[in-house]
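Accompanying notes for the structure given below.
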Amino acid sequence: MRIEELPVDERIRRVILGRGIEELYPPQAEALRSGVLEGKNLVLAIPTASGKTLVSEIVMINKLLREGGKAVYLVPLKALAEEKYREFKAWESLGLRVAATTGDYDSTDEWLGRYDIIVATAEKFDSLLRHGAGWIRDVKLVIADEVHLIGSYDRGATLEMILSHMLDKAQILALSATVGNAEELAGWLDATLVVSDWRPVELRKGVFHLGELMWEDGKRESYPENWESLALDAVRKGKQALVFVNTRRSAEKEAVSLSSKMARLLTKPEVRELRELADSLESNPTNEKLKRAIRGGVAFHHAGLSRAERTMIEDAFRDGLIKVITATPTLSAGINLPAFRVIIRDTKRYSGFGWTDIPVLEIQQMMGRAGRPKYDRVGEAIIVARTEDPKTLMERYVKGKPEKLFSMLANENAFRSQVLALITNFGIGNFRELIDFLGRTFYFHQRKDTSSIEYKAKDIVYFLIENEFIDMDLNDRFIALPFGKRTSQLYIDPLTAKKFRDAFPKLEENPNPFGIFHLIASTPDMATLRARKREFEDYLDLAYEFEEKLYTEIPYYEDYGFQGFLGEVKTAKVLLDWINEVPEGRIYETYGIDPGDLYRILELADWLIYSLIELYKLFEPKKDVLSYLRDLHLRLRHGVREELLELVRLPNIGRRRARALYNAGFRTQDDVVRAKVRDLLAVEGIGMKVVEGLFRHFGVELPEKAKKGGKTAERRKKGTLDDFLS
DNA sequence: AGTAAACTACTCTAGACAGCATGTC
DNA sequence: CTAGAGTAGTTTACT
């Protein structure tokens with residue numbers, strides 16, 4: 001279909017033509033002819049990069065221009081929210097306003113009301129629904145990207161509930177990878193189903209075994225025995241490769257190994273640029289390896305890397321500077337990063353209980369990354385058979401069908417939280433209404449029966465009543481109690497809330513960082529670290545040393561959860577080090593973790609301590625305890641000792657600058673106000689920008705000559721805690 | 001006896017969503 | 001029930 005024939009607002013056609021697109025891909029055309037433009041629901045199951053986004057944009061903008069109202073675009077990752085936000089921003093030329101909201105960004109309610117297109121993570125939108133923001137009424141279209149995540153064990157229930165809520169309130173456009181039972185999904189959503197495996201770049205799939213590459217059509221090619229030759233070959237052809245492995249350690253090892261073999265394939269300018277890139281990285285144990293790999297044009301990519309490093313690697317790969325990325329599943333879904341050749345080294349992964357085959361759906365998503373539109377005529381996806389029979393792999397992953405989607409609503413943890421929300425935030429008034437609502441879910445559509453989930457729901461309701469999240473009156477009507485309502489809005493697991501409340505008496509008696517951090521670490525919402533075997537004794541000793549500070553008993557060795565407990569102690573200790581200004585580098589070393597891990601722990605702890613405070617407020621809080629908790633929250637957020645609390649409240653002053661200021665003798669805000677600009681600039685990490693910010697904060701005019709001068713002092717005053725202590 | 005190689009037993013393992021906007025009377 | 005890589009510790013082989 002030609003864009004000019006598209007039955008949508010003329011302005012939309014103009015924008016698309018302006019992008020140089022004149023013709024729609026076949027599946028796009030089919031999707032747009034399905035009735036979706038007339039308001040019908042649609043499930044669109046087509047490969048990544050075959051133009052789902054453009055379909056969404058056309059449907060979305062057309063709807064907004066014709067009917068007004070709002071459209072919500074749901075994504076599974078914060079990084080994707082950002083990506084989509086930037087893409088949709090282009091439509092602001094038509095007078096529509098675009099916003100993105102995730103846990104990182106602006107939160108509530110009415111602020112978002114001023115926007116027409118709202119990009120949000122599923123959890124964030126769920127949270128917005130719970131808060132009952134007024135503008136939700138105006139949502140006329142919900143687009144759920146990567147809707148197959150409805151089958152994800154821990155996050156699927158959220159998506160399912162959102163769609164159940166919105167089903168008869170808004171038009172639904174569900175974008176899915178190819179799944180085994182798309183028609184079932186469409187049936188639930190009362191939607192037209194469009195399925196296609198058409199791709200703008202042809203995809204060749206094959207299996208590699210001991211030097212022999214067998215394509216799905218039976219053609220064979222010979223290579224050196226080691227699979228690395230596949231990656232090197234791609235680079236030799238002037239292309240790029242993406243290698244998927246199943247552990248961080250493998251990603252790092254393979255990157256370094258490939259890197260050493262690639263040096264001669266690089267040009268002089270590339271070598272120089274790569275060296276610069278490597279040198280720009282901060283120093284820490286993981287980055288040393290990364291630097292080595294990058295100098296040879298290879299990078300590894302996993303969740304231990306910080307946000308900045310990941311983005312840097314992605315950009316350098318897109319620019320063609322980095323030739324090969326070895327990655328854990330961080331790159332298998334999510335951000336758009338195609339490569340000519342995709343090599344899948346592992347098809348099994350360790351998953352808590354043992355080794356499992358990676359689902360077909362996931363492997364096919366990895367394979368779908370092969371082929372860069374505009375650069376490649378074909379993309380190649382190759383599975384490496386190392387121990388498994390190549391024929392089995394060919395059957396299962398290349399020729400096989402992806403798994404069916406199953407509702408994960410009955411997952412106990414997710415369901416507990418959702419049942420609470422239904423009662424406290426969505427006006428479900430009694431058990432009958434609860435069951436009625438469940439009748440609208442994918443779970444019911446799929447199973448045609450709710451008896452087993454009713455049983456679970458009943459248990460949960462009893463649990464909620466027993467723990468005073470809700471109550472029931474004489475007519476068996478639910479009553480939302482403040483504790484329940486707040487728990488639901490804080491978006492924490494009811495079990496977490498219960499743990500907090502049970503700990504309040506002891507906490508009041510003996511508020512201390514270690515006890516509080518351990519409490520946080522022991523909740524199901526926290527991602528705790530694992531204690532290694534050889535660390536067991538250390539953390540057990542630590543626990544006994546701090547026994548009086550803990551709010552729980554130390555378990556016995558035989559107890560279930562003993563190892564988990566040690567992990568909690570380890571996590572608490574990391575947080576304790578953090579607020580005692582132990583430098584990041586030393587934390588990575590001591591605990592064997594990476595920057596991404598630390599960031600994750602801090603992010604979660606920050607959210608949970610806030611929630612702890614909010615819940616404590618509901619139970620006749622003691623003023624001194626409350627202010628103790630608030631100070632601790634601030635210390636946690638900035639990673640500082642108590643004496644820096646005052647400085648850290650200033651704009652752009654974090655743990656490093658605050659310490660530097662303090663060491664230089666500026667110990668209070670008052671000291672800073674009275675300081676000479678020249679003296680402030682002499683402090684490590686403080687430049688003109690920061691000083692300007694400070695003066696603006698205090699509402700003081702910056703002296704004219706300082707503005708012009710602003711020269712940096714020759715000798716900076718050092719600013720670490722060690723400097724202070726020595 | 002000294003040392004290097006070979007063998008064995010043990011350890012470890014992916015990812016990533018959510019709140020809210022401060023202050024002591 | 002299903003792995004595979006790395007490491008720490010132990011035994012064996014050989015001079």
Side-chain angles (χ1 to χ4, degrees), chain A residues 74-81 101-109 111 120-128 130-131 149 152-159 162 244-254 301-305 307 310 327-334 345-358 362 386-388 414 417 421 486-493 496 524-527 530-536 592 596-597 599-601 603-615 623-624 626-627 629-631 633-634 637 645-646 648-649 669:
Chain A
L74 301 175
V75 292
L77 301 171
K78 290 186 211 171
L80 268 178
T101 175
T102 70
D104 285 350
Y105 292 157
D106 221 317
S107 85
T108 25
D109 312 2
W111 177 81
T121 53
E123 285 76 8
K124 183 66 190 193
F125 186 63
D126 189 21
S127 166
L128 289 166
R130 292 183 187 189
H131 281 86
L149 283 171
S152 133
Y153 179 78
D154 54 330
R155 295 179 60 197
T158 311
L159 241 189
I162 292 171
F244 286 106
V245 298
N246 65 0
T247 63
R248 289 184 187 183
R249 199 208 289 224
S250 298
E252 295 177 8
K253 191 199 86 181
E254 303 294 12
H301 192 285
H302 60 58
L305 301 179
R307 207 46 269 171
R310 284 205 244 177
T328 58
T330 30
L331 282 184
S332 65
R345 199 202 68 169
D346 302 308
T347 55
K348 285 180 185 292
R349 96 169 44 115
Y350 184 84
S351 68
F353 341 93
W355 286 83
T356 48
D357 288 321
I358 298 174
E362 252 179 81
R386 294 195 301 165
T387 54
E388 281 222 64
S417 179
R486 200 71 191 103
T487 297
S488 172
Q489 289 185 329
L490 290 165
Y491 217 83
I492 58 177
D493 188 321
T496 297
D525 282 311
M526 187 73 186
R530 283 184 46 166
R532 295 179 173 82
K533 278 252 164 62
R534 76 178 87 93
E535 297 172 329
F536 277 12
D597 303 312
Y599 178 83
R600 180 100 196 99
I601 291 170
E603 186 189 33
L604 285 165
D606 189 12
W607 163 49
L608 289 169
I609 197 167
Y610 174 82
S611 301
L612 174 78
I613 293 168
E614 286 302 295
L615 291 180
K623 248 181 220 148
D624 53 331
L626 200 55
S627 81
L629 288 170
R630 283 187 174 130
D631 280 355
H633 186 196
L634 203 60
R637 173 160 293 180
L645 274 175
E646 193 173 329
V648 114
R649 286 177 211 266
Q669 295 201 4

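Per chain, numbering begins at 1; letters A, B, ... match sequence-line order.
The residue among K253(A) and W355(A) whose nearest nucleotide of DNA chain C lies closer to the 5′ end is W355(A). DNA chain B is contacted by both D597(A) and S127(A); D597(A) maps to the nucleotide lying nearer its 5′ end (nearest heavy atom per residue). With the nearest nucleotide of DNA chain C identified for both T356(A) and R249(A), T356(A) has the one nearer the 5' end.
Among the atoms of the strands shown, none is found under 4.0 Å from any heavy atom of K623(A). Residue contacts for R637(A): at a heavy-atom cut-off of 4.0 Å it reaches a base atom on one of the strands shown. Looking at heavy-atom distances under 4.0 Å, H302(A) makes contact with sugar-phosphate atoms alone, never a base. Across all strands shown, T330(A) has heavy atoms under 4.0 Å from sugar-phosphate atoms exclusively, and none from any base. Across all strands shown, D346(A) has no heavy atoms under 4.0 Å from either base or sugar-phosphate atoms. Counting non-hydrogen atoms under 4.0 angstrom, E614(A) reaches nothing in the nucleic acid. If you check every strand for non-hydrogen atoms under 4.0 Å, L77(A) touches sugar and phosphate atoms only.
The CG atom of D525(A) sits 12 Å away from the P atom of dG19(B) (whole-angstrom rounding).
Remark: dA9(B) base-pairs with dT7(C). Criterion, Watson-Crick or G-U wobble with two distances under 3.5 Å.
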